[in-house]
Amino acid sequence: MLSGNRQQLSLLASVTSAAASSRNVWTVPCLPRRTLTSFIESIQVLDRLGRGRQSNRQTDSMASIADYYAGKNVLITGATGFMGKVLVEKLLRSCPAVQTLYILVRPKAGQTMQERVADMMKCKLFDRVREDDPDFHRKIVPISSELMQPGLAISDEDVEKLTACVNIVFHCAATIRFDEPLKHALQLNVIATQQLLSLAQKMQQLEAFVHVSTAYANCNRHHIDEVIYPPPVEPKKLIDSLEWMDDSMVRDITPRLIGDRPNTYTYTKALAESVVQQESSRLNIGIIRPSIVGASWQEPFPGWIDNFNGPSGVFIAAGKGILRTMRANNDAVADLIPVDTVINLTLAVGWYTAVHRPKSALVYNCTTGGINPFHWGEVEHHVMSTFKRNPLEQAFRRPNANITSNYLINQYWILVSHKFPALIYDLYLRLSGQKPQMMRIFNRLHKAIGLLEYFSSKDWEWNSENMSMLLGQLSPEDKKTFNFDVRQLNWPEYIENYCIGTKKYVLNEDMSDIPAAQQHLRKLRNIRYIFNTLLLVLVWRVFIARSPMARNIWYFVVNLCFKFLSYFRASSTLNT
């Protein structure tokens with residue numbers, strides 16, 4: 001067999017040499033008929049094999065996203081978090097032939113890993129999946145893990161299982177607290193990512209590693225391209241340096257370390273991107289950078305949200321009438337991104353990274369500001385109008401929040417609209433024998449809003465060419481099933497669904513109780529009118545009735561207004 005191959009290769013060389021030596025006519029040395037026939041047949045077989053391999057590659061690249069995930073084993077970190085749950089639900093619903101979803105779960109005190117997963121599966125988010133497949137939970141395999149521990153605290157047995165069969169890794173786990181201590185944020189966002197990458201290198205069947213970062217990892221820049229920027233410091237050097245420091249020392253040097261970044265979250269996410277880039281030569285990697293992730297746009301149903309994080313807590317505080325002022329730039333772009341948009345992009349990136357195997361890690365800025373901008377002033381208008389039509393139950397005051405970029409004006413309204421009413425209400429609670437709590441609530445609210453001010457007062461420009469490129473790679477069917485085209489997003493409709501979603505899914509309020517909530521708002525309006533009337537009478541009695549000068553000024557103003565009205569009425573009569 002070997003000698004026959006050598007003979008054919010020698011023959012092919014002679015033919016090539018003859019062809020190269022002839023300018024106008026192919027001259028082939030005289031060959032025996034059998035040898036020539038064998039040679040031609042070999043060339044035809046090689047040609048068919050080549051066309052077959054090319055056809056297979058084209059078939060793989062043209063396969064739908066759902067077809068690609070069929071039979072695949074997927075590892076997901078952060079699966080019990082907001083985005084992780086949506087990712088699990090979308091995979092089960094839109095890729096029903098997926099083999100197994102391995103999810104890393106941290107056991108909590110008083111609740112086992114299995115109990116946590118069972119509670120997650122009961123969530124309304126999975127209602128559509130439950131209708132299609134009541135036994136969908138069988139595809140979910142929890143893996144005990146702790147991101148704060150060496151090796152992620154994954155047992156040897158589980159490591160062996162994961163390294164033998166996992167095809168795709170989605171790394172969604174992170175701490176999203178802006179005020180997280182640096183050591184803790186470094187462990188969860190950077191060191192845990194390093195350890196997961198080490199585990200991924202051992203996976204024999206791995207085809208793609210998708211890392212979820214944040215669009216604000218490089219928020220110290222105004223224009224942000226889809227590239228991995230140099231880290232503020234070498235991650236390994238920082239980890240080694242902080243290892244011997246106590247918490248108080250780390251807390252003291254944190255402001256100098258993070259520099260022009262606003263918090264430890266954005267700082268450590270930038271370091272994590274650098275860590276991921278270091279492994280891009282050994283793994284097929286994609287990095288997704290979502291901006292401010294909010295409620296769902298379309299899937300599994302509009303407005304789904306399950307937490308108070310980010311804008312959700314602000315919307316609820318405004319709807320309850322607690323929040324009356326917020327420091328932000330009305331003209332700044334509110335770069336909100338629906339969670340289902342991010343997840344659809346994430347699954348598409350996993351498919352593209354595995355099938356096309358880009359030469360380097362591709363970054364996808366998942367933002368709306370440069371494609372379909374919406375401003376904070378518009379957000380405030382639509383939030384207030386929605387909560388007036390669909391009020392929250394037992395509101396503290398009527399919804400009436402205002403946004404201002406002026407620090408002094410904001411502080412004035414905090415004093416008048418927040419602290420003063422809180423003091424009065426706490427006094428009422430004390431007199432009625434209850435524990436005062438309103439001032440504590442306002443203090444927590446001010447702290448939360450203060451952490452958001454950096455992002456609500458500035459504008460950024462994000463390049464999104466890779467996101468547009470990937471959208472162009474999808475088939476028409478995949479564009480519908482895994483839609484992340486934010487040009488189609490109708491902002492007023494989305495904000496209305498978002499606000500209603502906080503009412504239904506976060507506060508668990510029934511929409512049938514809206515008439516009662518509207519009646520409560522009317523009651524609050526009447527109380528406000530009575531209070532303002534009493535306040536006016538009090539001001540009159542104290543400052544005007546007792547002062548001759550104030551009384552004369554008051555009479556002068558009233559007389560001037562009366563004369564103006566009389567003149568206006570006379571002019572109207574003459575014109576008619």
Side-chain angles (χ1 to χ4, degrees), residues 178 214-225 260-263 265-266 289-295 297 309-319 321-338 341-342 365-388 399-418 445-464 467-468 485-499 502:
F178 289 168
T214 173
Y216 298 100
N218 304 283
C219 58
N220 55 328
R221 300 171 179 267
H222 176 67
H223 182 86
I224 302 170
D225 286 313
D260 51 1
R261 284 179 171 81
N263 49 54
Y265 170 69
T266 57
R289 290 178 180 157
S291 50
I292 304 173
V293 182
W297 169 22
N309 296 332
S312 305
V314 175
F315 291 175
I316 291 173
I322 297 174
L323 175 67
R324 285 303 181 95
T325 183
M326 177 179 172
R327 192 179 176 206
N329 185 352
N330 281 279
D331 299 324
V333 173
D335 212 300
L336 301 176
I337 188 79
T341 301
V342 181
N365 286 337
C366 186
T367 60
T368 57
I371 304 172
N372 187 1
F374 198 63
H375 303 88
W376 285 110
E378 296 173 287
V379 172
E380 177 245 323
H381 168 73
H382 289 290
V383 169
M384 291 300 98
S385 60
T386 299
F387 279 131
K388 287 175 181 177
N400 188 24
N402 292 301
I403 288 178
T404 178
S405 58
N406 187 287
Y407 174 80
L408 293 178
I409 293 177
N410 182 57
Q411 290 300 310
Y412 167 78
W413 285 115
I414 285 176
L415 179 64
V416 172
S417 296
H418 288 181
L445 177 64
H446 294 154
K447 181 180 179 181
I449 293 175
L451 295 173
L452 294 173
E453 280 184 7
Y454 180 91
F455 305 97
S456 60
S457 302
K458 296 187 177 183
D459 270 319
W460 286 269
E461 295 176 359
W462 282 283
N463 185 327
S464 56
M467 189 173 169
S468 301
D485 186 0
V486 296
R487 293 173 299 180
Q488 303 173 13
L489 183 60
N490 182 304
W491 282 111
E493 180 183 0
Y494 173 71
I495 295 298
E496 180 174 0
N497 288 332
Y498 195 155
C499 293
T502 61

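This structure is a prediction, so every number in the text was calculated from the model and none was measured.
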Side-chain donor or acceptor of H382 paired with backbone N/O of E496 under 3.5 Å: no
Exercise: identify the closest heavy-atom pair between L452 and G310: CD1-O, 4.1 Å
Nearest atoms (heavy-atom pairs only) where P399 meets G319: CG-O, 3.5 Å
Contacts of type side chain to side chain donor-acceptor pair (under 3.5 Å), residue H381, not counting sequence neighbours: none
Over all atoms of both residues, closest heavy-atom pair of A332 and S457: CB-C, 4.4 Å
Distance, nearest 0.5 Å, that separates CZ of F374 from CD1 of I495: 5.5 Å
Check: N329/S405 side-chain N/O donor and acceptor closer than 3.5 Å: no
F455 and F178 aromatic centres sub-6.0 Å: yes
Check: N365 side chain, N463 main-chain N or O, donor-acceptor pair, under 3.5 Å: yes
Nearest heavy atoms of T367 and V486, plus distance in Å: O-CG2, 4.0 Å
Shortest non-hydrogen contact from W462 toward A215: NE1-O, 3.0 Å
Distance in Å, C499 SG paired with M384 CE, rounded so as to fall on 0.5 Å steps: 7.5 Å
Under 3.5 Å donor-acceptor, D459 side chain and V333 backbone: yes
Any donor-acceptor pair under 3.5 Å from N263 side chain to T266 backbone: yes
Interatomic distance, L323 atom CG to I449 atom CD1 [nearest 0.5 angstrom]: 4.5 Å
Donor-acceptor contact present, side-chain N406 to main-chain I409, <3.5 Å: yes
Backbone N/O of I403 and side chain of N330: donor-acceptor pair under 3.5 Å: yes
Distance in Å, W376 CH2 paired with D335 CG, rounded so as to fall on 0.5 Å steps: 9.0 Å
Expected output: side-chain R261 to main-chain A217 donor-acceptor under 3.5 Å: yes
Minimal non-hydrogen separation, N372 against R487, with atom names: ND2-O, 4.0 Å
Worked check of side chain to side chain contact (heavy atoms under 4.5 Å, CB included) between V379 and F315: CA-CA 10 Å; V379 172; F315 291 175; 3.8 Å; yes
pair W460-Y216: side-chain heavy atoms closer than 4.5 Å: yes
Partners meeting salt bridge (charged side-chain N to carboxylate O under 4.0 Å, His left out) with E380 (sequence neighbours left out): none
From CG (N402) to CZ (R327), nearest 0.5 Å: 16.0 Å
Aromatic ring proximity, centroids under 6.0 angstrom, Y498 and W491: no
Exam field: side chain T325 to backbone I414, donor-acceptor pair closer than 3.5 Å: no
Distance, nearest 0.5 Å, that separates CZ of F387 from CD1 of I316: 7.0 Å
